[in-house]
Amino acid sequence: MGLSLNGLASGLDSAALITAMMDVERIPQNILRTKVSAVQTFTTALQDLNSKIANLTVSATAYAKPDSVQVFSATTSSADVTATAGAGATSGEISITVGQLAARHTAVTAGVSAWPDASGTLSITRAGADPINITAASNSLDDVAKAVNDAGAGVIATKVAVGDGTFRLQFSATESGAAAVFDITVGGTSVFAEPEAAVVVQGQDAKVTLYAGTPAAQTLSSSSNTFTDVLPGVSITVGATSTVPVSISVSKDTEAIAKKAGTLVEHLNTVLGLVKLKSQVNTTTGADGSPKATSGIFSSDSGIRSISQGLTNAATFPIGGRSPSEIGISITKDGLVTYDEEKFKTALAKDPTGTGAMFQEISARVAAAGENASDKYDGQITLKITGQDRQLRSLNDQISSMETRLAKREEYLKAIYAALEVSMSNMNSQMSYLSSQIASLPSSSSSDE
């Protein structure tokens, strides 16, 4: 008798069987993992959109402020005079004559090998101020220069080689202007009064004259070559003296204002373009050659469409019976917003007050729509992201819980099949024994009678 379970035992691959069974068990968990991936993808897209809307809101909020269209530029009739218009500037024009430029006071000692005072002492004096007394480590010129520079007294000392084994100490004011003029004294005597010592540059203020040659002539001074109090909000810097009056004109900066409008539309289209891209349906060819349509991640989200439409309406709906298209801002057939800079400049030149007010109102409406969508506490997209995060945590908790259960299930199956293999091994041993016993029995002969 050849009865055996060896064939059954050899055909039983318990590891492969357990793997196959666990693959079936993991199907619900894999479905959850697919959902996690989809939620993560959608959340990332929402975060990207939220960030772009937040950037748009920042720009729009700034442009909605009253001073956003109060931008001025200044021009001058001379390359030696520059002017910059800032906050508080207004349109206007003025002429100035530059009488002198500001200078830093600089003086040098006579050629010496050591400081004239053996203790290395000196005083820095200025008109109307108390002397600043300095004592160096020694009377060496290096120590004196270091002591002056370390004192922070508004004077810089430099050791300069004369060429005959002696040196001069050059002293320079750290700032220009008459108020920075100084003297260096030792024992009450100026070191610059010595033979071969000299004041190299006399410190002085810059001076400009308004209405030169008229009874209204008025001279203004500045310790630097920059004047900030001639015209409101305008900084004027002079670079050379002049005998011919230099005119300075300040006017509204149409170019800068137009660029702000362009930036607003650019940021708006960045948002609208992203929503459009992620809402469109793409058609591809499947493996069987048939067309396959894939919907964009925002295509079925009515809330996102509503946000996009709200921003578009904010930028393009009429204001006081006037269409934004009158100043170059209009909607296109593909749902984006177009901007005609030349049309905006023309409108601004023709009606600066009305055009500026319309641009500010558009900006305010876009800012409000953007804030409604992206506010970090209760914005529509912010709340969506919060909901997605909750869903993601829930799915991951389920996956983790299932992983624990699956691990236990796999251990259980392994134990079952291990026991089954032991049982089968025992049965095979018994069958082998029985087979050997049967084989040892004497066979009967048909010839025996």
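What you see is a predicted model, and the numbers here were worked out from it, not measured in a lab. FYI, side chains are in, hydrogens and waters are out, and symmetry mates aren't considered; it's all heavy atoms of this structure.
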Check against side-chain contact (heavy atoms from CB on, under 4.5 Å), F167 and S113: CA-CA 6 Å; F167 300 85; S113 58; 5.9 Å; no
Polar side-chain atom of [X] near backbone of [Y] as donor-acceptor pair, under 3.5 Å:
X: N225; Y: A102; result: yes
X: T404; Y: S400; result: yes
X: W115; Y: V144; result: no
X: T316; Y: T312; result: yes
X: S306; Y: S302; result: no
X: S51; Y: Q47; result: no
X: T382; Y: D375; result: yes
X: R305; Y: S299; result: yes
X: S37; Y: T34; result: no
X: T355; Y: P352; result: no

Search all heavy atoms of [X] against all heavy atoms of [Y] and return the closest pair with its distance.
X: T241; Y: G99; value: CG2-O, 3.5 Å
X: L49; Y: L274; value: CA-CD2, 3.7 Å
X: A83; Y: I248; value: CB-CG2, 3.9 Å
X: A258; Y: Y339; value: O-OH, 2.7 Å
X: A157; Y: A145; value: CB-CA, 3.8 Å
X: L101; Y: A240; value: CD2-N, 3.7 Å

Could you go through V208 and F227, starting from their C-alpha distance and side-chain angles, then the distance that decides it, and tell me whether this counts as side-chain contact (heavy atoms from CB on, under 4.5 Å)? CA-CA 9 Å; V208 299; F227 294 79; 3.7 Å; yes
How about [X] and [Y]: do any of their side-chain heavy atoms sit closer than 4.5 Å?
X: V148; Y: L122; result: yes
X: L264; Y: I329; result: no
X: I381; Y: S374; result: no
X: I94; Y: L231; result: yes
X: M22; Y: R26; result: yes
X: V58; Y: N55; result: no
X: L392; Y: Q388; result: no
X: I319; Y: R365; result: yes

Not counting sequence neighbours, list each pair that qualifies as a side chain to side chain donor-acceptor pair (under 3.5 Å) and has a residue in residues 139-150.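 The answer is S138-S140, S138-D143, S140-D143, D142-K159, K146-D150.
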Quick test of your reading: applying ring pair (Phe, Tyr, Trp, His ring centres under 6.0 Å), list the pairs with at least one residue in residues 393-413, sequence neighbours left out, ordered by first then second residue.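 Listed by first then second residue: nothing to list.
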How long is the straight-line distance from [atom2] of [Y] back to [atom1] of [X], given to the nearest 0.5 Å?
X: T254; Y: K259; atom1: OG1; atom2: NZ; value: 12.0 Å
X: K408; Y: L413; atom1: NZ; atom2: CG; value: 14.5 Å
X: T19; Y: E25; atom1: OG1; atom2: CD; value: 12.5 Å
X: Q70; Y: D253; atom1: CD; atom2: CG; value: 12.0 Å
X: I307; Y: N50; atom1: CD1; atom2: CG; value: 8.5 Å
X: N30; Y: D23; atom1: CG; atom2: CG; value: 8.0 Å

Salt-bridge criterion met for [X] and [Y] (N-O under 4.0 Å):
X: K278; Y: D48; result: no
X: E371; Y: K376; result: no
X: E403; Y: R33; result: yes

Solution key, residues 175-189 side-chain donor-acceptor pairs under 3.5 Å, sequence neighbours excluded:
{"residue": "S176", "atom": "OG", "partner": "S223", "partner atom": "O", "Å": "2.6"}
{"residue": "D183", "atom": "OD1", "partner": "S190", "partner atom": "OG", "Å": "2.7"}
{"residue": "D183", "atom": "OD2", "partner": "S190", "partner atom": "OG", "Å": "3.3"}

Go through the side-chain N and O atoms of S78 and T76 and say whether any donor and acceptor fall under 3.5 Å apart.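 T76 and S78 do not have a side-chain donor-acceptor pair below 3.5 Å.
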Any side-chain donor near an acceptor of the partner, T219 and T209, under 3.5 Å: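 Looking only at side-chain atoms, T209 and T219 do form a donor-acceptor pair, the distance falling under 3.5 Å.
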Between T243 and T97, does the side-chain contact (heavy atoms from CB on, under 4.5 Å) criterion hold? Intermediate values first, please. CA-CA 6 Å; T243 56; T97 300; 5.7 Å; no
Exceeds 12 heavy-atom contacts within 6.0 angstrom, atom [atom1] of [X]:
X: E196; atom1: CD; result: no
X: K260; atom1: NZ; result: yes
X: K207; atom1: NZ; result: no
X: D130; atom1: CG; result: no

With sequence neighbours left out, what residues match T166 under side chain to side chain contact (heavy atoms under 4.5 Å, CB included)? V162, D164
V250 vs T90, side-chain contact (heavy atoms from CB on, under 4.5 Å): CA-CA, chis, key distance, verdict: CA-CA 7 Å; V250 182; T90 58; over 6 Å; no
For residues 340-362, pull every pair meeting salt bridge (charged side-chain N to carboxylate O under 4.0 Å, His left out), keeping only residues two or more places apart or in separate chains.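 As it turns out, the salt bridge (charged side-chain N to carboxylate O under 4.0 Å, His left out) pairs with a partner in residues 340-362, which skip direct neighbours, are E255-K345, E341-K345, E342-K345.
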Test S123 against T125 for side-chain hydrogen bond (donor to acceptor under 3.5 Å, both in side chains), laying out the working first. CA-CA 6 Å; S123 295; T125 61; over 6 Å; no
Quick one: do T237 and T226 satisfy side-chain hydrogen bond (donor to acceptor under 3.5 Å, both in side chains)? Show the steps, please. CA-CA 4 Å; T237 301; T226 299; 3.0 Å; yes
The residue among T109, V112, L169 that forms side chain to side chain contact (heavy atoms under 4.5 Å, CB included) with V191 is T109
How would you list, by chain and number, every residue that makes a ring pair (Phe, Tyr, Trp, His ring centres under 6.0 Å) with Y63, sequence neighbours excluded? F359
